[in-house]
Amino acid sequence: MAKVLTSRNESYAQWYNDLVIKADLAENSAVRGCMVIKPYGYAIWEKMQRVLDDMFKETGHVNAYFPLFIPKSFFSKEADHVDGFAKECAVVTHYRLKEGEDGKGIEVDPDARLEEEYIVRPTSETIIWNTYKNWIQSYRDLPILVNQWANVVRWEMRTRLFLRTAEFLWQEGHTAHATKEEAITETETMLKVYAKFAENWMAMPVVQGHKTASERFAGALETLTIEALMQDGKALQSGTSHFLGQNFAKAFDVTFANDKGEVDYVWASSWGVSTRLMGALIMSHSDDNGLVLPPKLAPIQVVIVPIYRKSEDLEKIDLVANKIVDNLKKRGISVKYDNDDKRKPGWKFSEYELKGVPLRFAIGPRDLENGTVEVARRDTLSKEVVSLEGIDAKAEALLDEIQNGIYNKALKYREDNTRSVDSYEDFKRLLDEKGGFFLCHWDGTAETEELIKKETKATIRCIPLDSPEEEGKCMVSGKPSKRRVLFARSY
RNA sequence: CGGGGUGUAGCACAGUCCGGUUAGUGUACCUGCUUUGGGAGCAGGGGGUCGCAGGUUCGAAUCCUGCCACCCCGACCA
C-alpha cells in the first residue's frame with residue numbers, strides 16, 4: 001500500500017498532523033490558529049456531543065446559552081481569574097468599518113470605538129455569574145444546573161489541530177448550590193461522568209485526580225481532572241471539573257437566603273470538555289495505517305465494498321449488499337454500502353482504513369458463489385471469510401469485541417508505561433528513555449513541583465483519587481510524603 | 001518577543017548560489033481505452049499575478065531594498 005502517513009516512529013507529531021488531514025478530520029484555516037473541522041471530523045464530534053449531552057441530562061442538567069462577548073470590567077472582578085486568562089484574550093474594540101481614505105479597501109472606523117471593550121469569551125464564568133445574580137434570591141432557586149455548548153477563544157501562541165487551537169468548541173457546565181458539600185459532590189459527579197465517557201465510549205482509560213494548587217483553574221479552590229496517556233508517552237488532560245467555592249459569588253455579589261433565613265454566598269462548580277477530546281481519541285488508538293475509532297463513536301461502523309468486473313456482477317452484489325444493509329440497520333448499526341464506480345476496491349480499502357471504519361465487508365464473485373463475505377477488522381487488520389448467514393449478528397458481536405479490544409490495548413499500554421519510581425535520577429532517566437506516567441513521592445510544596453518542571457519538563461498531572469496512603473520520602477527533597485502523585489510530560 | 005527557516009499549479013517540491021528557449025517534476029484533476037479480491041496501466045489534455053511592492057538590467061522566479069504571511073525551536077499554555 002502506498003504510504004500516506006509519516007510513521008509514528010519517524011515523527012509522532014508529524015504522524016498526528018498527517019492523520020488529521022488525510023483522514024479528513026480537520027485542516028488549518030485562513031485564520032491563524034483556527035481550524036476548519038471537516039464533515040467527517042465533525043460527525044465524530046457530534047457523536048461525542050450527543051452522548052455527553054444525554055449524560056448531562058441524566059444527571060439533572062439543562063442547556064442554555066450565554067453571550068460570546070464579555071464586558072472587560074467583568075473580568076477583573078475575580079483576581080485569579082483575570083491573571084489566568086489576561087494574556088490570551090481577543091478583544092473587541094470597535095463596532096463599525098468604513099471605506100478606506102484612499103477609496104480602496106476597508107478600515108476600522110476610529111469614531112466607532114466602544115466605550116467599554118468586550119472580551120471574546122475564553123470561558124464563561126464571569127458572564128454567567130453576573131447573570132446568576134439575577135436568578136438567585138433564595139435557597140428555593142437552587143441548585144442551578146446549567147450547561148452550555150459553545151465556542152471559546154484563547155489566543156494561544158502555538159496551536160495544534162484539535163489539541164490546542166485559538167478557537168475551540170466545548171461544553172461548560174456552571175452550577176450554583178446552597179451548600180459547599182453539594183457543590184463538591186457536583187464537581188465529583190461530573191468528573192465521574194467524564195471518566196465514564198472516556199472509558200466506555202472513547203475506549204480511553206483515564207486517571208482521575210486532584211490538580212495541585214499551581215495547576216488549578218484560575219479562580220478554583222479545587223480542580224479535578226481526567227488524565228490520559230498518549231502513545232508517545234505524553235499525558236493529555238482530557239477533562240476538568242472545578243469546585244469554585246464562593247469565589248465567583250463573592251466577585252459578582254450572588255447571595256441567597258438559606259432555609260434558616262440567613263444570607264450567604266452561593267457555592268459554585270464548573271466543568272468542561274472540548275474538541276481536544278478529538279485529539280485524545282486519535283492519539284489513543286490510531287496506527288500507521290490511519291485512524292482507529294471505537295465503534296461506539298464511529299460515524300460509519302461497517303462499510304461494504306463490492307468487487308466486480310461487469311455491471312451485471314455489480315447488480316448481483318447490490319442485491320446481497322442491500323439486504324445486509326437492511327439487517328444491520330435493524331440492529332442500529334450505521335453502515336455504508338460504497339458501490340461508487342469511480343473508485344476501485346483497493347482505493348476504498350485504504351480510504352476506509354485511513355478513516356478508521358471498524359469493520360469492512362468485501363463481497364466479490366467468489367463470495368456470491370459461496371454465500372460468504374470477507375470481514376476485515378480495523379483494530380487488528382485481520383481478515384476472515386465468513387458465511388453470509390447471520391452476518392448481522394456477527395457484526396454486532398465484532399463491534400463489541402473491537403470496542404473492548406481497543407480499550408484493553410490502551411489500558412495495557414498505560415499499565416506497561418506507568419512506573420513507580422523512588423529516586424530522582426531514575427525518574428529523569430526513565431522519563432527521557434521511555435516517557436509515560438510516573439508515580440512518585442512529592443513533598444507537597446510548589447517549590448519542588450516547579451523545580452521538577454524546570455529540570456525535566458514533567459508536571460504533576462494529578463494526585464490520583466485512588467492513590468493509596470503510603471509513607472515515603474519526596475524523591476527530590478527527601479521530606480516525608482503520604483502518597484504518590486502522578487507525573488508526566490504533557491501536551 | 002528572541003533564534004532559525006520557507007513562500008513557485010489543489011498538494012509536495014526542484015530551479016535561485018552563477019539573470020538568458022515556451023518555468024519543470026511528482027501527485028491530484030479532465031478525456032479515452034484496457035482494468036477492478038489492497039491506493040491500476042497506457043496515451044492525450046487543462047491548470048502558474050514564481051508571497052506583495054518598488055528598484056537594477058536589453059532581459060528577473062533568480063540580483064538589491066522594503067513589506068507581508070506561514071512553519072520550526074524557545075518563552076507562553078486553568
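Distance, I21(A) CD1 to C71(B) P: 11 Å, rounded to whole Å. With rounding to whole Å, D338(A) atom CG is found 14 Å from G39(B) atom C1'. The distance from atom CH2 of W155(A) to atom P of A75(B) is 22 Å, rounded to the nearest whole Å. With rounding to whole Å, K342(A) atom NZ is found 11 Å from U31(B) atom P. If you measure from atom CG of D18(A) to atom P of A12(B), you get 11 Å, rounded to the nearest angstrom. Protein atom CG of D83(A) is 11 Å distant from nucleotide atom P of C77(B), rounded to whole Å. In this entry the distance linking CZ of F361(A) with C1' of G38(B) reads 18 Å, nearest Å. Atom CH2 of W347(A) and atom C1' of A40(B) are 14 Å apart (whole Å).
Proximity of R309(A) to the phosphate of U36(B): a side-chain N or O atom is located under 4.0 Å from OP1 or OP2. Checking the phosphate oxygens (OP1, OP2) of G74(B), a side-chain nitrogen or oxygen of K457(A) falls inside 4.0 Å.
Across all strands shown, C18(B) forms no Watson-Crick or G-U wobble pair with both key distances under 3.5 Å. U62(B): no Watson-Crick or G-U partner with both key distances under 3.5 Å is found in any strand. Across every strand in view, A43(B) sits in a pair with U31(B) that passes the Watson-Crick or G-U test at under 3.5 angstrom. Look at G48(B): it lacks any Watson-Crick or wobble partner with both distances under 3.5 angstrom. Base pairing analysis places U6(B) opposite A69(B); the two distances defining the Watson-Crick or G-U wobble pair are each below 3.5 Å. Nucleotide U56(B) forms no Watson-Crick or G-U wobble pair with any nucleotide shown, as no partner meets the under 3.5 Å limit on both distances. Pair assignment for C11(B) gives G26(B), based on Watson-Crick or G-U wobble hydrogen-bonding distances that are each under 3.5 Å.
Proximity of the aromatic rings of W129(A) and H81(A) is defined here by a centroid distance below 6.0 angstrom, and this criterion is not met. Aromatic rings of F85(A) and W155(A) (six-membered ring for Trp) have centroids beyond the 6.0 Å cut-off, not under it. Remark: aromatic rings of F66(A) and H174(A) are distant, center separation not under 6.0 Å. Ring centroids of F487(A) and F427(A) are separated by less than 6.0 Å, placing the two rings close together.
The closest side-chain heavy-atom distance from N289(A) to L381(A) is below 4.5 Å. By the 4.5 Å heavy-atom criterion applied to side chains, M204(A) and M230(A) are counted as neighbours.
In the set A40(B), G38(B), C77(B), G38(B) carries the atom at the smallest distance from any side-chain atom of E353(A). For P345(A), the listed nucleotide lying nearest its side chain is U36(B); candidates were G38(B), C77(B), U36(B). In the set G37(B), C77(B), G39(B), the nucleotide with an atom closest to the side chain of L354(A) is G39(B). Residue E374(A) places its side chain closer to G37(B) than to any other of C77(B), U35(B), G37(B). Considering only the side chain of P365(A), G37(B) comes nearest among C77(B), G39(B), G37(B). Distances were taken from every side-chain heavy atom of K87(A) (C-beta onward) to each of C29(B), G39(B), C77(B); the shortest belongs to C77(B). Minimum atom distance to the side chain of R366(A) is reached by G37(B), of the listed G37(B), C29(B), G39(B). When each of A40(B), C77(B), G39(B) is scored by its nearest atom to the side-chain atoms of E156(A), the top-ranked nucleotide is C77(B).
Under the side chain to side chain contact (heavy atoms under 4.5 Å, CB included) criterion, R483(A) pairs with I463(A), S467(A), E469(A), not counting sequence neighbours.
Residue G364(A) is classed as a base contact, given a heavy-atom separation below 4.0 Å to a base. Here R160(A) lies out of heavy-atom contact (under 4.0 Å) with every strand. Nucleic acid contact class of E215(A) (heavy atoms, under 4.0 Å, all strands): sugar-phosphate only. Across all strands, N28(A) comes closer than 4.0 Å to no nucleic acid atom at all (heavy-atom distances).
One N or O donor and one acceptor, one from the side chain of K383(A) and one from the base of G38(B), sit under 3.5 Å apart.
The gap from the P atom of U57(B) to that of G51(B) amounts to 23 Å, rounded to the nearest Å. Look at the C1' atom in both C64(B) and G24(B): the space between them is 27 Å, to the nearest Å. Straight-line distance between the P atoms of C63(B) and G5(B): roughly 15 Å, to the nearest whole Å. Taking atom C1' in both G44(B) and G4(B), the straight-line distance is 45 Å, to the nearest Å. Between the P atoms of A43(B) and U25(B), the separation comes to 14 Å (whole Å). Using atom C1' as the reference point in both A28(B) and C77(B), the two lie 38 Å apart (nearest Å). Rounded to the nearest Å, the gap between the P atom of G7(B) and that of A61(B) is 16 Å. Taking the C1' atom of each, C29(B) and C71(B) are spaced 28 Å apart, rounded to whole Å.
Residue whose closest nucleotide on RNA chain B sits further toward the 5' end, between K310(A) and P122(A): K310(A). Of the residues near RNA chain B, T240(A) and G33(A), the one whose nearest nucleotide (by heavy atom distance) lies more toward the 5' end is G33(A).
With rounding to the nearest 0.5 angstrom, the CG atom of D80(A) is 9.5 Å from the CG atom of L221(A).
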